[in-house]
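Encoded as structure tokens, the structure appears first; notes follow it.
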Amino acid sequence: APRFAIQIYAADGPTAEKLTGQLALALLEGEWPGTRTAAGHRLRGWEEESIMSFPDPDRTDLARWQILGRLRISKLRPA
């Protein structure tokens with residue numbers, strides 16, 4: 001399954017953490033699973049691996065959090 005690292009930036013830690021939680025919830029419980037790609041592959045869901053504070057040494061003025069996970073995709077196409 002394709003693995004993604006999604007990074008969320010905000011002006012402060014609590015805001016970055018809140019946005020990360022909202023995104024993680026949307027990935028886990030959103031309405032998008034079951035939709036198909038343009039090639040016809042079905043998106044099955046999201047497997048969360050980790051959520052963490054992940055400071056960016058190059059952007060010390062911003063807070064950064066990261067979500068790691070895998071996108072489950074069915075390669076079977078409709079007949």
Hydrophobic cluster (4.5 angstrom, side-chain heavy atoms) - remaining members for Ile67: Phe4, Ile6, Ile8, Leu19, Leu23, Leu27, Leu28, Trp32, Leu43, Trp46, Ile51, Trp65, Leu71, Ile73
For the residue pair Ala16 and Ala10, what are the closest heavy atoms and their distance? N-CB, 3.5 Å
Pairs in or reaching into residues 10-25: which pass salt bridge (Lys or Arg N to Asp or Glu O under 4.0 Å), with residues at least two apart or in two chains? none
With sequence neighbours excluded, tell me which residues meet salt bridge (Lys or Arg N to Asp or Glu O under 4.0 Å) with Arg72. Glu47
For Ser74 and His41, work out which heavy atoms get closest and say how close. O-CB, 3.2 Å
Set of salt bridge (Lys or Arg N to Asp or Glu O under 4.0 Å) partners for Arg70, sequence neighbours left out: Glu49
Has the side chain of Arg64 got a donor or acceptor atom that lies under 3.5 Å from a matching backbone atom of Phe54? yes
Is there a donor-acceptor pair under 3.5 Å between the side chain of Thr15 and the backbone N or O of Ala11? no
Applying salt bridge (Lys or Arg N to Asp or Glu O under 4.0 Å), can you list everything that pairs with Asp61, at least two apart in sequence or on another chain? Arg59
Between Pro55 and Pro57, is any pair of side-chain heavy atoms under 4.5 Å apart? no
To check you understand the geometry: which heavy-atom pair defines the closest contact between Arg42 and Gly34, and what is its length? NH1-O, 2.7 Å
Can you sort out the partners of Ser50 under side chain to side chain contact (heavy atoms under 4.5 Å, CB included), two or more places apart, ordered by chain and number? Met52, Leu68
Here the gap from Lys75 atom NZ to Thr37 atom OG1, rounded to the nearest 0.5 Å, amounts to 12.0 Å
